[in-house]
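In what follows, a structure is listed as structure tokens, so that the remarks can point back to it.
Only heavy atoms go into these numbers, but all of them, side chains included; no hydrogens, no water, no symmetry mates. Quantities reported herein were computed from a predicted structural model and do not represent experimental measurements.
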Amino acid sequence: MGRRVVITGMGAVTPIGNTVEEFWKGILSNKVGIAQITKFDAGSYKAKLAAEVKEFEPKNYMDSKAARRMELFSQYAVAAAKEAIEQAGLCIEKEDPYRVGTSVGSGIGSIGVMEKEEQRLLEKGSGRINPLLVPLMITNMAAGNVSIQFGLKGKSINVVTACATGTHSIGEAYRTIQCNDADVMVAGGTESAVTPLGIAGFSALTALSFSENPLRASIPFDKDRNGFVMGEGAGIVVLEELEHALKRDVPILAEVVGYGATSDAFHITSPAEDGAGAAKAMEFAMREAKVEPNQIDYINAHGTSTHHNDLFETMAVKKAFGESAAKVKISSTKSMIGHLLGAAGAVELITCVKSLEEGYLHPTVGYQVKDEECDLDYITSGGIRGEFQYAMSNSLGFGGHNASILIKKYQ
């Protein structure tokens, strides 16, 4: 058995709050962070809604020179990492910096700077391209900037698995600590793709909801669901080897006890139709944790609000949980914050940690119309208070990537 791994810090930048505390207040009040797109004129676009981050000020998290050398996705990651590192009380001067690593992914990187510089190329020629185009654009710069800003000299990686990026990034950081390649990992996901090309591209794929009602646009598992709503933001956690955390005498928020990762090997955008790949990821996570399906209190579903995802994820839960599928509580945070793509899994894992900490499972907000094929308990009649021990977070990405992380209340 590998070394035990715990969570000691969390940070979030989301459409309903730019700290974990603000985000969780939004969750408790069923706040929906979806509205008309403001980042560009979307009047002629089919999809007119997005879940944008509001009132984000880079200068609150980094100096202006550093901010100018980062696109939004990197700025969000640095902001969330700052909060997580501060909560964990991690002082890098007291650590061996080569034992503190970074695992922060982005599904897309900066699509915005690509759009801007392509326009400049067409209008002014190749000699006028921003010399920082490449380092502003590439996905690994979120991990790079977090590492640079906080002096983290251990393993620094960028996992890119589309919508499963955040979960895989945290899962691979967990494995890194387990096998003694690091004592601490700053891990998560980040994204900022609410741009003309981002919205147009996902619209052309018929993946987005074209609803103009913010309260009926992201409605996972509802029979009337018709696509996801693009969101943005970042979620970062500090993972730490248990003995290392105990020696530092810091509060432990939860323990990571299982991680499962599989591939559907089926289709570039559709999940496997029987849910087998996602089911296997859940099974692997439970097997590693040595728990049975009836011990899992809560699943934070990938729950995108697309027809195929929600149906096949439901089938996957049934396959993995058997008779216990009807009893496990399930909800989708995307009903409030939309789909944060590469950041989704990380923010949703933070939701799971808070759910165990606070004894509260949030509902799938906006759910109204029952779908006969999606017939599990998606928490549709208000949140649930209680004592919960185990929570699982699922993420499924284009390309057939499946990831599940299982956490438990630390004892």
| Can you list the steps and then say if E288 with R175 is a salt bridge (charged side-chain N to carboxylate O under 4.0 Å, His left out)? | CA-CA 12 Å; E288 181 180 12; R175 286 276 181 263; 2.8 Å; yes
| said: E232 vs K39, test: salt bridge (charged side-chain N to carboxylate O under 4.0 Å, His left out). Steps then yes/no. | reply: CA-CA 12 Å; E232 60 170 356; K39 289 179 180 281; 3.3 Å; yes
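T38 and E52 share a side-chain donor-acceptor pair at under 3.5 Å. Donor-acceptor pairing under 3.5 Å is recorded for the side chains of T333 and H362. Side-chain polar atoms of E172 and Y259 form a donor-acceptor pair below 3.5 angstrom. Counted by atom type alone, N402 and T262 present one or more donor-acceptor pairs between their side chains at under 3.5 Å. There is a side-chain donor-acceptor pair under 3.5 Å between K155 and T176. Residues S103 and Y174 have side chains that never bring a donor and an acceptor to within less than 3.5 angstrom of each other. At a cut-off of 3.5 Å, with distance as the only test, no side-chain donor of N226 or S211 sits close to an acceptor on the other residue. The closest side-chain donor-acceptor pair between E95 and H244 falls under 3.5 angstrom.
Counting only distance, with no hydrogens or angles, the side chain of S355 and the backbone of Y360 share a donor-acceptor pair below 3.5 Å. Listed for the Q75 side chain is a donor-acceptor partner under 3.5 Å among the backbone atoms of A67. Without hydrogens or angle criteria, S110 side chain to M137 main chain gives no donor-acceptor distance under 3.5 Å. In this structure a side-chain-to-backbone donor-acceptor pair under 3.5 Å is present from Q295 to E292. In terms of modelled atom types and a separation under 3.5 Å, the side chain of S147 and the main chain of A143 share no donor-acceptor contact. The backbone N or O of D224 sits nowhere less than 3.5 Å from a side-chain atom of R216 that would complete a donor-acceptor pair. A donor-acceptor contact shorter than 3.5 Å is absent between the side chain of D297 and the backbone of A391. Side-chain atoms of S192 come within 3.5 Å of backbone atoms of F73 as a donor-acceptor pair (strictly under, hydrogens ignored). Judged purely by atom type and a 3.5 angstrom limit, R225 uses its side chain to pair as donor or acceptor with the backbone of D222. A donor-acceptor distance shorter than 3.5 angstrom exists from the side chain of D310 to the backbone of F221, with no hydrogens or angles considered.
In terms of heavy atoms, T314 sits closest to C374 at OG1-SG, 3.8 Å. For the residue pair T167 and A403, the shortest heavy atom distance occurs at CG2-CB, 3.5 Å.
A salt bridge links E387 with K409: the distance from a Lys NZ or Arg NE/NH1/NH2 to an Asp or Glu carboxylate oxygen falls below 4.0 Å. A salt bridge is defined here as a Lys NZ or Arg NE, NH1 or NH2 lying under 4.0 Å from an Asp or Glu carboxylate O, and K54 with E22 fails to meet this definition. In summary, K82 and E86 engage in a salt bridge, as defined by a charged side-chain N under 4.0 Å from a carboxylate O.
Using cut-offs of 30° and 60° on the angle between ring planes, the pair Y367 and Y378 is tilted.
Rounded to the nearest 0.5 angstrom, I85 CD1 and I236 CD1 are separated by 8.5 Å. One finds the CE atom of M185 at 8.0 Å from the CG atom of L239 (value rounded to the nearest 0.5 Å). The line from OH of Y298 to CD1 of I407 is 10.0 Å long, rounded to the nearest 0.5 Å. Expressed to the nearest 0.5 Å, how far OG of S203 lies from OH of Y45 amounts to 9.0 Å.
Residues forming a salt bridge (charged side-chain N to carboxylate O under 4.0 Å, His left out) with E358 (at least two apart in sequence, or on another chain): K354. Under the rule for a side chain to side chain contact (heavy atoms under 4.5 Å, CB included), the partners of K46 that lie at least two apart in sequence or sit in another chain are F210.
For NZ of K48, the number of neighbouring non-hydrogen atoms (other residues, nucleotides, ligands) closer than 6.0 Å is greater than 12. Other residues, nucleotides and ligands place no more than 12 heavy atoms under 6.0 Å from the CG atom of D249. For K153, the NZ atom is loosely surrounded, since the number of other residues' heavy atoms within 6.0 Å does not exceed 12. At most 12 heavy atoms of other shown residues, nucleotides or ligands fall within 6.0 angstrom of atom CD in E21.
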